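All chains are named by letter (A, B, ...) in the order of the sequence lines, taking the proteins before the strands, and each is independently numbered beginning at 1. None of the values given here were measured: they were computed from a predicted structure.
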Amino acid sequence: MENQNLNLLDRALGLDGPSEPWPLSGRVVLIEDCVETSGSFVLHQLVKRSLSPTSSNVIIFVAFANPFSHYDRILRKLGCNLVTQRDNKRFIFFDMLMLRCPDVDEGKSSEGGLVLLYEKILKTICGLPGDKKDYVTIMIDDISLVEVAANGGSDYVLDFLHYCHALTSEFDCSLITLNHEDIYSSMERPTLILQMEYLADILIKAEPLSTGLATDVHGQLTVLNKGTSHRLGRSGNKIHNFHYKLYVVLWRKKLVISIDKGYSSEKRSFRRTYHVNGRLGFWNLNTLCVTHLLNG
Amino acid sequence: MADTICRTLRDGGLEGEHAPALTIKDSKASPFGFDVFNYVLTQLSNYILAGKSQSRGLVVVAYSRSPSFYVDLLKRRGIDIASSHDWIHILDCYTDPLGWKNWLIDKDISQEASSLSSFCQDVRNLDKLYSLIIEQGLIGQGKDRFSIAIDSVSEMVRHASISSVAGILSNLRSHDQVSSIFWLLHSDLHEIKFTSVLEYLSSMVASVEPFNQAAFGQRVDLENLSMLEQNFRKGKFHVRFKRRNGRVRVMCEEILVELAGIKFTPVLSEDEIINQRLLPKVQFNLQLSEEERNERAKVVLPFEHQGNGKPIQIYDGRRSLGENKEEALVSTGKLQPDEDSGKGQIIYFRDSDDEMPDSDEDPDDDLDI
C-alpha cells in the first residue's frame with residue numbers, strides 16, 4: 001500500500017523509474033511550504049527514496065532546523081534506519097543547530113561561516129570513494145534558518161546557494177532545499193525566495209486548498225518540473241497537483257511539553273517535544289509518519 | 001521577429017555608433033528568458049561561423065551556468081566548439097565568483113582551466129571584469145570586432161551597484177571593437193529603476209510575458225491549473241526596437257517552449273495587434289468608443305462659431321433659460337428636463353445677476369502698482 005501511495009509524488013519527480021542514473025542528479029529542487037501546510041514530509045520522503053537499497057546515493061544533510069534524533073525518529077517510522085545509514089557513510093549529517101556567528105565583525109564572520117560550511121561540503125564530496133562521488137544529494141533544512149545563522153545576510157545565503165549550485169554542475173550532485181514562502185509574503189520584493197525559484201529546476205509547493213480547511217485533506221502539493229534544457233530525454237515543463245493527507249501516530253499517551261527541542265541526552269529518552277515554531281508561535285507536531293497521497 | 005533581433009545583432013553598429021544592445025527580460029510568471037537567451041546565442045554563433053556577421057568572435061560572460069553547459073548547448077545545436085574555438089571565449093563567473101575556493105585551506109581541490117574559458121574570481125571588481133572581457137574579445141580577433149553575451153545581469157548587480165553595472169555596460173557598448181551586446185535580466189528581482197536604466201541603455205528590449213496573465217499569483221486549484229500549465233509551456237514575446245531615426249517599433253509574437261528549444265510563432269488571433277500603438281499603459285481608458293465619439297460630436301460648444309448661418313450669440317448668463325434654446329449651458333447640479341434628448345448640453349448659471357457682463361477691460365487695470 002505504501003508503495004502505491006508514494007507513486008504519485010515519485011512519478012511527478014521521475015523517481016518511479018530505475019534508480020540509476022538517479023533522476024535528480026544535477027538538478028535543484030526547492031520545497032516551499034507555509035505554516036498551515038508544512039513541507040518537511042516531502043523532504044523526509046526524498047531522504048527515504050534516496051537511501052533505498054536499490055540506489056547508491058549518499059546524502060549530505062545540512063540541518064539547521066532539527067537535530068539528528070528528530071529525523072531518525074521520523075525515518076524509522078517510514079522504514080529507514082538513519083543510524084545504520086550514517087554508519088555506512090550513506091547519510092552524512094551536519095548538525096548546524098549551534099551555528100552562531102560571533103558578534104565581533106559580524107559581516108565578515110557571517111560570510112566566513114558559510115564559506116566554511118561550503119568547504120566542509122566540498123571536502124566531504126571529494127573525500128568520498130570514486131563510485132559514490134557521482135551520486136551525492138545535498139539537502140538543506142531549511143534556508144530561512146541559514147539566513148538567521150547569517151544574521152539576516154541574505155546576500156551571503158544567496159552566494160552560498162550559488163556555490164552549492166556550482167557543485168551540482170561540477171559533481172552532478174542534486175541539491176534539495178526547503179524554504180517557507182509565507183515569511184517573505186509581506187516583503188515587496190522577496191529577493192531570496194525569488195532567486196531560489198529561478199535557480200530551481202523542480203519546484204514543490206505545499207499549500208492549503210484554495211477552498212480553505214478540510215477534514216479529509218490537509219493540503220495540496222504542486223510539483224512544477226521546469227525541465228532544464230540540458231537534460232535530454234526528460235519530459236518538458238510539467239505541472240502536477242494532488243491533495244495529500246498526513247497520518248500522525250501518537251506512540252505515547254503521556255505527552256511531555258517543553259520548550260527545548262530534541263533529544264534529551266541526560267535523561268536518555270526520546271521525549272516527545274512540542275517546540276514553539278519560531279515563525280508564528282504554532283505548536284508543531286513532529287511525529288508524522290506516513291503520507292497518504294490522494295489523487296487530486 | 002526573434003530573427004529580426006538576431007539579424008540586428010549580426011549586422012552590428014556603424015562606424016562611430018554605439019553597438020546595438022538587447023535586453024531580454026522575463027519574470028517568475030514566465031521564466032523563459034534563458035531559453036530566449038540561448039536561442040539568440042545559437043543564432044549569433046551560426047552567423048559568426050558562417051562569416052555573415054560583422055563580428056568575428058563572441059565572448060560569453062557566464063554567471064548562472066557553467067562553461068560546460070554552453071559547450072553542450074552549442075554542441076546540441078550542431079556547433080562543435082571543442083574542435084575549433086578561436087571564435088568563442090567563455091568568461092567563467094559561475095564556478096568561483098567570489099574567490100571562496102582560494103580561501104580553502106586544502107588547495108588540492110584545484111580547478112581545471114581550459115583554453116576555452118577563463119576564470120573570474122572577483123565579480124565585485126567591475127573594472128577588472130571589463131578589462132577581462134575586452135582582453136578575451138581581442139585575443140584571436142586582432143582588429144576584428146566581437147560580440148558579447150552576458151547571461152545574467154541580475155547576478156551581476158548582486159555584487160555591484162546599479163551605477164557601476166550601468167557604467168560597464170555603457171562602456172562595453174561604446175567600445176570600438178564591440179559589434180553587439182546582449183544580456184538577460186529577471187525583472188522581478190530588481191527595483192523598477194534598474195530595469196528602466198537597462199532599457200534606456202538598450203536599443204532593443206525583448207520581454208517575455210505570461211500567456212495567461214490572470215492565472216499568476218493565485219493559489220492553485222482545478223480551474224487555474226490548466227492555465228498555469230499553459231503558462232509554463234507558452235508565453236508572449238514583446239519586442240521594442242529603437243531605430244536609428246528615433247522611431248520606436250513594437251512587435252509581438254508567441255513563444256512555445258519545447259524540449260528541443262524555443263519556438264516563435266506569429267500571433268494569429270484577432271485580438272492581438274502586431275504593431276501596437278504607443279499608448280502609455282495606465283489605468284485610465286484613453287480611447288473612445290464609437291458611442292462616445294458620437295456623443296462628443298453632438299455637444300454644442302459655447303463660444304465657437306456654430307456654422308449654421310445664424311449670428312453668433314455669446315451667452316452671458318443674464319437671459320432666462322427658456323428663451324434661447326441654442327444657448328450653451330453649463331450644469332451646476334440642478335437637473336433640467338431634457339428637451340433635446342441625445343443632444344449634449346452645457347448649462348451655466350451665473351453667480352449673480354448684479355455682475356457686469358464680461359468686457360474687454362483688464363480687471364487688473366485699477367491696481368495701483
Side-chain angles (χ1 to χ4, degrees), chain A residues 26 111-112 114-116 118-120 122-123 125-127 154-156 158-160 162-163 165-170 188-195 197-200 203 205 207-212 220-222 224-241 296, chain B residues 26-28 31-35 38 63-70 72-73 76 92 94-101 103-106 108-109 111-112 152 154-155 158-159 186 188-192 218-226 228-234 257-262:
Chain A
E111 192 185 7
L114 290 174
V115 175
L116 287 173
Y118 165 73
E119 185 190 352
K120 206 170 163 186
L122 182 61
K123 272 192 183 165
I125 297 176
C126 293
S154 53
D155 277 338
Y156 302 132
L158 281 172
D159 293 338
F160 171 72
H162 177 92
Y163 273 88
H165 190 276
L167 288 175
T168 64
S169 64
E170 202 176 328
E188 196 187 306
R189 202 174 42 254
T191 320
L192 179 62
I193 193 129
L194 278 177
Q195 283 271 16
E197 289 185 8
Y198 276 114
L199 273 180
L203 187 58
K205 232 175 166 174
E207 54 189 354
L209 297 176
S210 57
T211 46
Q220 57 176 334
L221 262 187
T222 309
L224 171 65
N225 196 330
K226 284 191 200 166
T228 51
S229 52
H230 77 281
R231 293 272 156 185
L232 283 175
R234 305 232 181 248
S235 53
N237 296 344
K238 260 192 190 154
I239 189 165
H240 301 261
N241 177 262
Chain B
D26 71 351
S27 63
K28 187 174 93 158
F32 305 132
F34 194 64
D35 297 283
N38 291 341
Y63 273 94
S64 57
R65 293 288 189 278
S66 65
S68 52
F69 171 83
Y70 290 107
D72 288 339
L73 171 76
R76 279 202 312 279
D92 185 0
Y94 167 81
T95 309
D96 191 13
L98 301 169
W100 283 14
K101 289 191 175 174
W103 295 9
L104 299 178
I105 304 159
D106 187 0
D108 289 342
I109 308 164
Q111 305 163 88
E112 292 173 17
S152 179
S154 296
E155 273 294 317
R158 266 201 338 104
H159 303 291
H186 301 301
D188 44 6
L189 290 175
H190 310 290
E191 299 169 6
I192 296 176
Q218 293 172 8
R219 194 160 273 172
V220 175
D221 59 25
L222 289 171
E223 288 166 9
N224 65 18
L225 188 60
S226 57
L228 273 174
E229 185 154 12
Q230 227 182 13
N231 271 355
F232 284 99
R233 286 186 192 277
K234 288 185 178 181
V257 177
E258 292 170 348
L259 194 60
I262 194 169

Q. Using non-hydrogen atoms only, which part of L158(A) is less than 4.5 Å away from chain B: side chain, backbone, both, or neither?
A. both
Q. Using the ring of each side chain (for Trp, its six-membered ring), is H165(A) parallel, tilted or perpendicular to Y94(B), with breaks at 30° and 60°?
A. perpendicular
Q. Measuring heavy-atom distances to chain A, does Y70(B) have an atom under 4.5 Å in its side chain, in its backbone, in both, or in neither?
A. neither
Q.
For Y118(A) versus F160(A), what's the shortest heavy-atom pair and its separation?
A. N-CE1, 3.9 Å
Q: Tell me, for H190(B) versus chain A, whether the close heavy atoms (under 4.5 Å) come from the side chain, the backbone, both or neither.
A: backbone
(Q) Any donor-acceptor pair under 3.5 Å linking the side-chain atoms of Y198(A) with those of D188(B)? (A) yes
(Q) Report which part of Q195(A) has an atom under 4.5 Å of a heavy atom belonging to chain B: side chain, backbone, both, or neither. (A) both
Q. What residue in P31(B), S154(B), S27(B) has the most heavy-atom pairs under 4.5 Å with chain A?
A. S27(B)
Q | S64(B) versus chain A, the contacting section by heavy-atom distance below 4.5 Å | A | backbone
Q: Please tell me if the side chains of L73(B) and R76(B) come closer than 4.5 Å, counting only heavy atoms from C-beta onward.
A: yes
Q: Please look at S152(B) and chain A and tell me whether the side chain, the backbone, both or neither of the residue comes under 4.5 angstrom of a heavy atom of that chain.
A: neither
Q: Taking the side chain as every heavy atom from C-beta outward, state whether L98(B) and Y156(A) have any atom pair closer than 4.5 Å.
A: no
Q) Is it the case that R158(B) places NZ or CZ above or below the six-membered ring of Y63(B), under 6.0 angstrom from the centre and within 45 degrees of the axis? A) no
Q: Examine whether an atom of E155(B) lies under 4.5 Å from a heavy atom of chain A, and if so say whether it belongs to the side chain, the backbone or both; otherwise answer neither.
A: side chain
